[in-house]
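Counting starts at 1 for both ligands and their atoms, in listed order.
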Amino acid sequence: MSATPTLASYEEALAAAERLAPPQDAFIDGAAVPALSGRRFDCVSPRDGRVIARVAACDAPDVDRAVAAARAAFEDGRWARRSPRERRRTLLRFAELVDAHREELALLESLDMGKPIADALAVDLRVTVDCIAFYAEAITKRYDEVAPTDARTLATITREPVGVVGAVVPWNFPLMMAAWKFAPALATGNSVVVKPAEQSPLTALRVAALAVEAGLPPGVLNVVPGFGPTAGAALGLHRDVDVVGFTGSGEVGRLFLRYAADSNMKQVTLECGGKSPQIVFPDAPDVAEIAGQIATGIFFNQGEVCSAGSRLLVHRSRKDELLEALVAEARRRAPGDPLDPATRTGALVERAHLERVLGYIAVGREEGADCVVGGAAAREETGGVYVEPTILDRVRPEMRVAQEEIFGPVLAVLEFETAEEAIAIANGTRYGLGAAVWTRDLSTAHLTARALRAGTVWVNCYDASDVTVPFGGYRESGFGRDNSLHALDKYTQLKTTWIQL
Ligand code: NAD
């Protein structure tokens, strides 16, 4: 498909979707190749249940091939030994090419995992392009160090790429999550093997081809689509992979720690889930000002956001007015066709996930919560997978719907009386990814932010994010940070060179 804009209206988006030719093969050593076994899996669009591609089902032999290509590329220095300035130039061209193809990529993303086309363009594609360009620029502005030794010695501390990086990513922001890993890894000179989620392999495959078109040498960026227990495990257990950057569930994150222990002690960084609280204090700004943002905090991307503000902790004095406004917000976000530019809530990623989300709503009701809006599947006549934005009231901190990540558009509402109580409830899960504080008082904001155990705290906003600031979790939300200059640490290792003069 051409890089010319085509998505000005719903009709144009539908027509462009018909013309799409999704990639179907793995991308290894600069070329599109089928799996060695010849096996493929159906890539089903949750928009309407249609099969949109039959994608190569990679397994251990394909992962071996991709890792071997990445290793060969790394060892001969075709990318790693290019000067930072040359790497910058290629990566900037890559960012421009992704930007030029943003509509095609946004369509692939929207069809593949159900997100609204407007969000795919405004968030996923914008962030991906920014991320690649940021690390392209960053790498020419980082200096190494000279240690303060005595006059007859010179000790330099330099950063070197680690070698072969495995990037294992989830389906909720498929391209963006992959870029958060491959952009800093490539900028620092590594070779990369991406394992996209089986629910959403298309954009990573397309982007790898664009990288080669931009001048990235073959073998430096490879993509192996396939299932977790086969392709994912093979990458995690591979003895020639030096680092794995993983984003996904805590359950699979734990497996990657085990894979590292059972193989070559590769470094692992984990970005896992969350159950992020939004605390509304008595002096929070007006409901008219905050309800929309709180609703976006949970309902954006169908609630399939690791940092979704899925627990509303509201002071008793503000609860009734806020809940009324949030119910209206939920109704305004009824699911629609992901390809319609007016749609704010698209499809869930797959049927099994819909069952999981509905299962949690049922558990909440059984535990005594009150479902005040939503609670059911929607748009079933389309053959797609949709659920209504849902609010569960009268949730208590110990309930499963207050403790476990639902990963759908389901908000749990809890009340509190004192700030201490709010902080205890907020910190009372095993997670620690994000948290928000809504207050007009500067001291309340600072003191609460300090007391919250979370990688990001938002004050009077939700989900603000930028490539310039680190993103990642405390506790079982993982360790290691994506974004910002700090992410470069994950893909480099320090070398001391001690010279006697
Ligand atoms: P998941 O853990 O099921 O899958 C993530 C990746 O791991 C996929 O590529 C999958 O194929 C692979 N995988 C699955 N089983 C595997 C196995 N046995 N061995 C090796 N690899 C395996 O997660 P998901 O359902 O795709 O994504 C949802 C989860 O991701 C949620 O928990 C969400 O919170 C989390 N997430 C976290 C962040 C963050 O930055 N903290 C961002 C986005 C999503």
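- Against a heavy-atom cut-off of under 4.0 Å, Phe246 is close to the following atoms of ligand 1: 2 (O), 5 (C), 6 (C), 7 (O).
- For ligand 1, the polar-atom distance check against Thr247 finds no nitrogen or oxygen pair separated by under 3.5 Å.
- Between Trp180 and Tyr135, a ring centre-to-centre spacing not shorter than 6.0 Å is recorded.
- Between Tyr259 and ligand 1, at least one N/O pair is under 3.5 Å apart.
- At the shortest separation from atom 35 (C) of ligand 1 among protein heavy atoms lies Gly248 O, 3.1 Å.
- Closest to atom 18 (N) of ligand 1 among all protein heavy atoms lies Leu255 CD1, 3.3 Å.
- Checking Val252, Val305, Leu270 against atom 15 (N) of ligand 1, the nearest heavy atom belongs to Val252.
- Looking only at protein heavy atoms, the nearest one to atom 1 (P) of ligand 1 is Ser249 OG, 3.6 Å.
- In this structure, Arg453 fails the cation-pi test against Tyr474, since its NZ or CZ atom is not both closer than 6.0 Å to the six-membered ring centre and inside 45 degrees of the ring normal.
- Closest protein heavy atom to atom 36 (N) of ligand 1: Cys306 CB, 3.4 Å.
- With ligand atoms numbered from 1 in the order given, ligand 1 contributes 20 (C), 21 (N) to contacts under 4.0 Å with heavy atoms of Phe256.
- Annotation: atom 25 (O) of ligand 1 to nearest protein heavy atom, Trp171 NE1, 2.9 Å.
- Proximity of Gly478 to ligand 1 is not established, as no heavy-atom distance is less than 4.0 Å.
- Side-chain atoms of Thr269 and Arg481 include no donor-acceptor pair closer than 3.5 Å.
- For the residue pair Lys181 / Thr247, a side-chain donor-acceptor distance below 3.5 Å is found, with atom types taken as modelled.
- Residue contacts with ligand 1 include Ala233, since one of its heavy atoms falls under 4.0 Å from the ligand.
- Neither the backbone nor the side chain of Glu304 has any atom closer than 4.0 Å to an atom of ligand 1 (non-hydrogen atoms only).
- In this structure, Trp180 falls outside the shell of residues with a heavy atom less than 4.0 angstrom from ligand 1.
- For the pair Arg126/Arg102, no side-chain contact is recorded, criterion being any heavy-atom separation below 4.5 Å from C-beta on.
- In this structure the side chain of Lys275 never reaches within 4.5 angstrom of the side chain of Glu404, judged on heavy atoms.
- Proximity of Leu433 to ligand 1, defined as any heavy-atom pair under 4.0 Å, is confined to the side chain (atoms from C-beta onward).
- In this structure, the protein non-hydrogen atom closest to atom 41 (N) of ligand 1 is Cys272 O, 2.6 Å.
- The shortest N or O to N or O distance between Gly228 and ligand 1 is below 3.5 Å.
- Other residues, nucleotides and ligands place no more than 12 heavy atoms under 6.0 Å from the CZ atom of Arg39.
- Within the 4.0 Å heavy-atom cutoff, Ala231 does not count among the residues contacting ligand 1.
- Residue-ligand proximity, Val168 to ligand 1, at heavy-atom distances under 4.0 Å covers atoms 6 (C), 7 (O), 9 (O), 12 (C).
- Panel note: side chain Asp42, backbone Val44; no donor-acceptor pair is recorded below 3.5 Å.
- Side-chain polar atoms of His238 and Asn264 form no donor-acceptor pair below 3.5 angstrom.
- Taking the six-membered ring for Trp and thresholds of 30 and 60 degrees, Trp458 and Tyr462 have ring planes inclined between 30 and 60 degrees apart.
- Thr429 and Gln403 share no donor-acceptor pair across their side chains, judged by distance under 3.5 Å alone.
- Atom 28 (C) of ligand 1 has as its closest protein heavy atom Phe407 CE2, 3.4 Å.
- Checking Glu350, Glu405, His353 against atom 32 (O) of ligand 1, the nearest heavy atom belongs to Glu405.
- Taking every heavy atom of Glu198 and a limit of under 4.0 angstrom, the matching atoms of ligand 1 come to 10 (C), 11 (O).
- Using a cutoff of 4.0 Å between basic side-chain nitrogens and carboxylate oxygens, Lys490 and Asp482 are scored as salt-bridged.
- At least one N or O atom of Val169 sits closer than 3.5 Å to an N or O atom of ligand 1.
- Of the protein's non-hydrogen atoms, the one nearest atom 44 (C) of ligand 1 is Asn172 ND2, 3.4 Å.
- For Asp482, no heavy-atom contact with ligand 1 is shorter than 4.0 Å.
- Heavy atoms of Phe173 stay at 4.0 angstrom or farther from ligand 1.
- Near Pro196, meaning under 4.0 Å from any of its heavy atoms, are these atoms of ligand 1: 9 (O).
- Residue Glu251 qualifies as open at atom CD: its count of foreign heavy atoms under 6.0 Å is 12 or below.
- With a heavy-atom cut-off of 4.0 Å, Glu251 does not touch ligand 1 at all.
- Close approach to Gly232 involves these atoms of ligand 1, each under 4.0 Å from a residue heavy atom: 20 (C), 21 (N).
- No side-chain N or O of Glu405 forms a donor-acceptor pair with one of Tyr431 less than 3.5 Å apart.
- The side-chain heavy atoms of Asp112 and Pro174, taken from C-beta on, include no pair separated by under 4.5 Å.
- Tested against Lys115 for a side-chain hydrogen bond (donor to acceptor under 3.5 Å, both in side chains), the candidates Asn172, Thr343, Asn301 yield a single pass: Asn301.
- Side chains of Val98 and Ile132 form a contact here, defined as non-hydrogen atoms less than 4.5 Å apart.
- Checked by distance only, ligand 1 and Gln199 stay at 3.5 Å or farther apart across all their nitrogen or oxygen atoms.
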